[in-house]
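None of these values were measured; they are calculated from a predicted model. Computed from heavy atoms alone, side chains included, the values below leave out hydrogens, waters and symmetry copies. As the structure lists them, so they are numbered: ligands from 1, and atoms in each ligand from 1.
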Amino acid sequence: MGTIINGKDLAEKLQHDIAKEVKELEKTALRPGLVVLLVGDNSASQTYVKNKQLAAQRIGIHSKVMRYPETISETELLEEITFFNQADEYHGILVQLPLPKHIDEEKVLLAIDPIKDVDGFHPMNLGRLFAGVPHTIPCTPYGIMKMFEAYDISLSGKRALIIGRSNIVGKPMAHLMLAEDATVTIAHSKTVNLHELAREADILIVAIGQGHFVTSDFIKPGAVVIDVGMNRNEEGKLIGDVNFDEVKSLTSFITPVPRGVGPMTITMLMQQTVEACRRQKLGE
Ligand code: NDP
């Protein structure tokens, strides 16, 4: 059976290291600050924001959640972002997605000063990543790279298949793995022969948002399987895109859901807030 990659434990260890770094920064009178902008009352978004706030508190990052009604206009939200772009005590700005339909997500992401874009979704930061000169990196793929590092999983020369091509997971994941010399394929809903492609993959990353989509017939024996998916089943239980119980015996490494990729995403957000603070205040 494959080794279960314990994202929760790894996240705790990394958060401990980040907290130490924050303490060191405090000696120079610097305190990293993160502001989260939350529009409306989407329950999943509320939970994500709460978890981010708790992590920030544990680490010693100064954090604030700004809550806006669902009816806030695009102009008003853009004005808020402009305000926080100039607010000295916040080094990171995060707009929790999704936004209500009347607000253009692209415009909002573009409005965030790239140096404060700790989510790494601004086209400038995505462009830097794709050009091989990254600053801020989308937190989920970044967290997965940290997992590879912690578990000594080498990517060089490996065949990787990423299922899902979003700007926040699939595409940045591909570039990060490419930079570590993996041979990367990205699949999506129009890909034909997905099973065959998957069975050739030494490393399989699944980020599609469909509970238990990946079954044993997708797996090359000995593959590393990373499950990004977060779905609720009929009983309201959190499940991944991979049928963990069915495939785990075929893998060399596998992430569970929960306690896999999720805690790493939040951790990388914290790390990038500290890095943003250093960049803005110390010119690093
Ligand atoms: P998106 O909905 O933006 O993208 C989903 C991708 O999956 C699309 O590229 C889509 O293809 C592809 N896809 C959907 N169905 C299939 C299929 N049957 N076969 C092949 N490809 C398919 O999702 P996100 O990237 O934002 O998120 C993916 C999942 O990861 C979700 O469950 C989300 O909740 C979770 N997530 C978890 C995080 C964490 O921290 N653990 C962080 C971010 C996301 P096409 O482009 O053709 O439509």
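Of the candidates Pro263, Pro258, Pro138, Gly209, the one placing a heavy atom closest to atom 31 (C) of ligand 1 is Gly209. The residue from Val228, Asp227, Val257 that puts a heavy atom closest to atom 36 (N) of ligand 1 is Val228. Looking at His188, Met264, Arg232, Met268, it is His188 that brings a heavy atom closest to atom 20 (C) of ligand 1. Comparing Gly164, Ala198, Ser189 by heavy-atom distance to atom 6 (C) of ligand 1, the nearest is Gly164.
Under the 4.5 Å side-chain criterion, counting only non-hydrogen atoms from C-beta, Pro138 is in contact with Leu129.
When heavy-atom distances to ligand 1 are checked against a 4.0 Å cut-off, Val169 comes that close only through its side chain, counted from C-beta outward. Contacts between Ile208 and ligand 1 below 4.0 angstrom, taking non-hydrogen atoms only, involve backbone and side chain alike.
Residue contact check for ligand 1: Ala187 places no non-hydrogen atom closer than 4.0 Å to it. Taking 4.0 Å as the cut-off, Ala207 counts as a neighbour of ligand 1 on heavy-atom distance. Distances from ligand 1 to the non-hydrogen atoms of Thr191 include no value under 4.0 Å.
Between Arg278 and Glu21 there is a salt bridge, with a side-chain nitrogen of the basic residue lying less than 4.0 Å from a carboxylate oxygen of the acidic one. The pair Lys13-Asp17 meets the salt-bridge criterion, since a charged nitrogen lies less than 4.0 angstrom from a carboxylate oxygen. A salt bridge links Lys27 with Glu24: the closest approach of a Lys/Arg side-chain nitrogen to an acidic carboxylate oxygen falls below 4.0 angstrom.
Between Phe218 and Phe213, the gap from one ring centroid to the other is short of 6.0 Å.
Taking a distance limit of 4.0 Å, we find that atom 25 (O) of ligand 1 is approached by some protein heavy atom. Contact annotation for atom 18 (N) of ligand 1: protein present (non-hydrogen atoms, distance under 4.0 Å).
Of all atoms in ligand 1, numbered sequentially from 1 with element shown, those under 4.0 Å from a heavy atom of Gln210 are 14 (C), 15 (N), 16 (C), 18 (N).
Interatomic distance, Leu155 CG to Glu149 CD, rounded to the nearest 0.5 Å: 10.5 Å.
Any N or O atom pair closer than 3.5 Å counts here, and Asp241 shares no such pair with ligand 1.
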